[in-house]
Amino acid sequence: MSTDSQIEANRLNAQHSSGPVTATGKARSRLNAVRDNITGQVTSLNDEDRAIFNQVLNDHIAGLKPEGAEELRLANSIAWDQWRLDRIRAIEMNLFASGDDDTETWIANAKRLELMSLYESRMNRTMARNRQTLRELQNDRLKRQTRSEEHTSELQSH
């Protein structure tokens, strides 16, 4: 534990810090890492992307209605994969939007497009598995709750 004098020294030193001054320093610091509240994983996104990602995450969590750690982990994984899929699609659209000729764009970026397609397929399969697993967990939970409620009802009627 820090002593009172160490705490006071830290406070005084912090007052001298004005943060990054140069454009490079400011650009670097805007991508400061933030720890994900669900997984504890450190993520680096700029402020604009972080706000969009948080909305995607919150929408998925609300829509999937996870309960408990395992369901929440699966819902989080689904949201991350959706975020990554959306990013791949945006990169692909930007490649074609920046080119004058679609054929030339295909030729110039063939390897990149092939890899993005491969990653997209893998993420879609992973998302499908995670969605199925989440559905199974939720169905099992609902069955247990129903049995428990029925059992409680029987006990109360006796």
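Predicted model only: the values in this text are computed from it and were never measured. For this chain, numbers begin at 1 and follow the sequence in order.
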Between [atom1] on residue [X] and [atom2] on residue [Y], distance to nearest 0.5 Å:
X    : Y    : atom1 : atom2 : result
Y119 : I91  : OH    : CD1   : 11.0 Å
N130 : R125 : CG    : CZ    : 13.0 Å
D81  : T126 : CG    : OG1   : 6.0 Å
L115 : N109 : CG    : CG    : 11.5 Å
I78  : M123 : CD1   : CE    : 14.5 Å

Is a side-chain donor or acceptor of [X] paired with a backbone partner of [Y] at a separation under 3.5 angstrom?
X    : Y    : answer
N76  : L72  : no
H60  : V56  : yes
S117 : L113 : no

Are [X] and [Y] packed together at the side-chain level, in the sense that at least one heavy-atom pair is separated by less than 4.5 angstrom?
X    : Y    : value
R131 : L74  : no
D140 : R144 : yes
M127 : L85  : yes
R89  : E120 : yes

inquiry  = Could you work out, with salt bridge (Lys or Arg N to Asp or Glu O under 4.0 Å) as the rule, every residue matching E70, not counting sequence neighbours?
reply    =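 With neighbours one apart ignored, the set is empty.
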ask   = What residues form a salt bridge (Lys or Arg N to Asp or Glu O under 4.0 Å) with R112, not counting sequence neighbours?
value =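 Salt bridge (Lys or Arg N to Asp or Glu O under 4.0 Å) list for R112, sorted by chain: empty.
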query = Which atom names give the shortest non-hydrogen contact between T105 and L95, and what distance separates them?
reply =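 Between these two residues, the closest heavy atoms are CG2-O, 3.6 Å.
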message = Looking at every non-hydrogen atom in both residues, tell me the closest pair between I61 and P66 and how far apart they are.
response =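 Smallest heavy-atom distance, with atoms named: O-CD, 3.1 Å.
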query = Sequence neighbours excluded, which residues qualify as ring pair (Phe, Tyr, Trp, His ring centres under 6.0 Å) partners of F96?
reply =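 If we apply the ring pair (Phe, Tyr, Trp, His ring centres under 6.0 Å) test to F96, skipping adjacent residues, the hits are W106.
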inquiry  = When you compare the side chains of Q138 and R135, does any donor N or O come within less than 3.5 Å of an acceptor on the partner?
reply    =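 No - no donor-acceptor pair under 3.5 Å links their side chains.
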request  = Please check if any side-chain donor atom of E149 sits under 3.5 Å from a side-chain acceptor atom of Q145, or the reverse.
outcome  =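 No donor-acceptor contact under 3.5 Å links the two side chains.
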query = Taking the inter-plane angle between the rings of W80 and F53 on a 0 to 90° scale, is it parallel (under 30°), tilted (30 to 60°) or perpendicular (over 60°)?
reply =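 Judged by the thresholds at 30° and 60°, the geometry between W80 and F53 is tilted.
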message = If the threshold is 4.0 Å, N to carboxylate O, is there a salt bridge linking E71 and R141?
response =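 Result for this pair is yes, salt bridge flagged.
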